[in-house]
Amino acid sequence: MELDAAQNPNPDPPISAYYQTRADHHAVVSSDWLAHAAAAASSVTDTDADAEAAPPPSPGGNGGGVIEEFNIWRRKPEAAEAVAAIMALTAVIRSSRATTMMELEIELKKASDKLKSWDATSISLGAACDLFMRFVTRTSHLEHEKFDAAKSRLIERGEKFGEISLKARKTIAMLSQDFILDGCTMLVHGYSRVVLEILKLAASNRKLFRVLCTEGRPDRTGLRMSNEIAALGIPVKVLIDSAVAYSMDEVDMIFVGADGVVESGGIINMMGTYQIALVAHSMNKPLYVAAESYKFARLYPLDQKDMTPAHRPIDFGVPIPAGVEIETSARDYTPPQYLTLLLTDLGVLTPSVVSDELIQLYL
């Protein structure tokens, strides 16, 4: 049977779909990362820089439309997976042939469920779909409007939600500038587009600072991050992941992104974030989490194993003896007591405030 390109490329995977397709969509570096970085630098265009401002592509006209639309958006360099879902759901409303609000809401719910099932391990994807459904359809006034007017209102709300989401990184970057002081040294972990946006703005404001960047094994996303930081003219040093404690004396603050922010105020993020937080806490170093509000999820993990597992491929570069078990978990959970502040597009929050913000988002 032929594989449907519109479907999840790995429908029942030991490796999550996000990590399976990550190299295609985000150009994750491999062992020859210098060559990759040089090629990426030479291919940057004004079109890439303006990707966030691009108009919505035409929605698909058949049953696989929402996934096709989602994939079109997530191929854009600056569009997060969650934003791609928001734009795809807005396109579903725009192209719907429903004749009643009930039919439209059912169609939208099916599209949302289809997106969430595309990769059930993606926290931001599920949270964005839930928030979109709540934000767009939450008032009862729609039931008393004529259908065409109500549909137009839904499209308007969807586009507004998408616009807010696209601007989230820039909002966070502006709010973060007061925390970056001249002469400071900061530690970053792996590749985070929102953290990179913070550093870009700080550099454009002529702040003087240096960055220590973890290698981000096994997919070495930190190497890509260090290359992009160096391209901004910011002094940067790459650390092997196990050198975090060794180097913590040099660090004034830590900035990390998040795959998801949970109800406790803790975060789920790239593997290694938890151990960095433990070291930072023991040495009284502030750890700031930069996360968009569409990553706020109604989850409450109690420990590292109390969340949907996400796996990634690991290549150690040498043969692994038969019978040796390999830990392939892609992310870990950092409890709120190890986080200093969350820098979000809703404002600068303490971890204890997150549950209140979630209530407001879903009301």
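Hydrogens, waters and symmetry mates are skipped; everything else that's a heavy atom, side chains included, is used. Numbers here simply count residues along the sequence, with the first being 1.
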Checking F209 now: which residues fulfil ring pair (Phe, Tyr, Trp, His ring centres under 6.0 Å) with it, not counting sequence neighbours? none
Using the rule that Ile, Leu, Val, Met, Phe, Trp and Tyr join whenever any side-chain heavy atoms are under 4.5 Å apart, tell me whether [X] and [Y] fall into a single cluster.
| X | Y | answer |
| --- | --- | --- |
| M271 | L287 | no |
| L199 | M174 | no |
| Y274 | I268 | no |
| M283 | V256 | yes |
| I155 | L131 | yes |

Counting N and O atoms only, with roles assigned by atom type, does the side chain of [X] sit under 3.5 Å from a partner on the main chain of [Y], one being a donor and the other an acceptor?
| X | Y | value |
| --- | --- | --- |
| N269 | G257 | yes |
| D303 | K305 | yes |
| S247 | V244 | no |
| S112 | L108 | no |
| D241 | G216 | yes |
| D252 | T185 | yes |
| S204 | L201 | yes |

Going by heavy atoms in the side chains, are [X] and [Y] under 4.5 Å from each other?
| X | Y | answer |
| --- | --- | --- |
| I180 | M186 | yes |
| S293 | K295 | no |
| M270 | Y191 | no |
| T214 | I276 | yes |
| L115 | L89 | yes |
| T273 | V289 | no |
| Y300 | V262 | no |
| F296 | L349 | yes |

Apply side chain to side chain donor-acceptor pair (under 3.5 Å) to residues S152 and E156 and explain how you reach the verdict. CA-CA 6 Å; S152 297; E156 182 183 335; over 6 Å; no
Looking at [Y] and [X], is any side-chain nitrogen of the basic one under 4.0 Å from a carboxylate oxygen of the acidic one?
| X | Y | answer |
| --- | --- | --- |
| K170 | D345 | no |
| E197 | R193 | no |
| K237 | E250 | yes |
| R94 | E159 | yes |
| R169 | E292 | yes |
| E105 | K109 | no |
| E107 | K110 | no |

Report the residues that fulfil side-chain hydrogen bond (donor to acceptor under 3.5 Å, both in side chains) with T344, sequence neighbours left out, ordered by chain and then residue number. none
Between E263 and V354, does the side chain to side chain contact (heavy atoms under 4.5 Å, CB included) criterion hold? Intermediate values first, please. CA-CA 6 Å; E263 290 186 60; V354 168; 6.0 Å; no
Rounded to the nearest 0.5 Å, how far does NZ of K285 lie from CG of L187? 11.0 Å
If you round to the nearest 0.5 Å, how far is CD1 of I229 from CZ of R224? 11.5 Å
Aromatic centroids of F179 and Y288 separated by under 6.0 Å: yes
For the residue pair S282 and Y338, confirm or rule out a side-chain donor-acceptor distance under 3.5 Å. no
For I254 and A280 the tightest heavy-atom approach is CD1-CB, 3.5 Å
What are the two closest non-hydrogen atoms of G260 and I123, and how far apart are they? CA-CG2, 3.8 Å
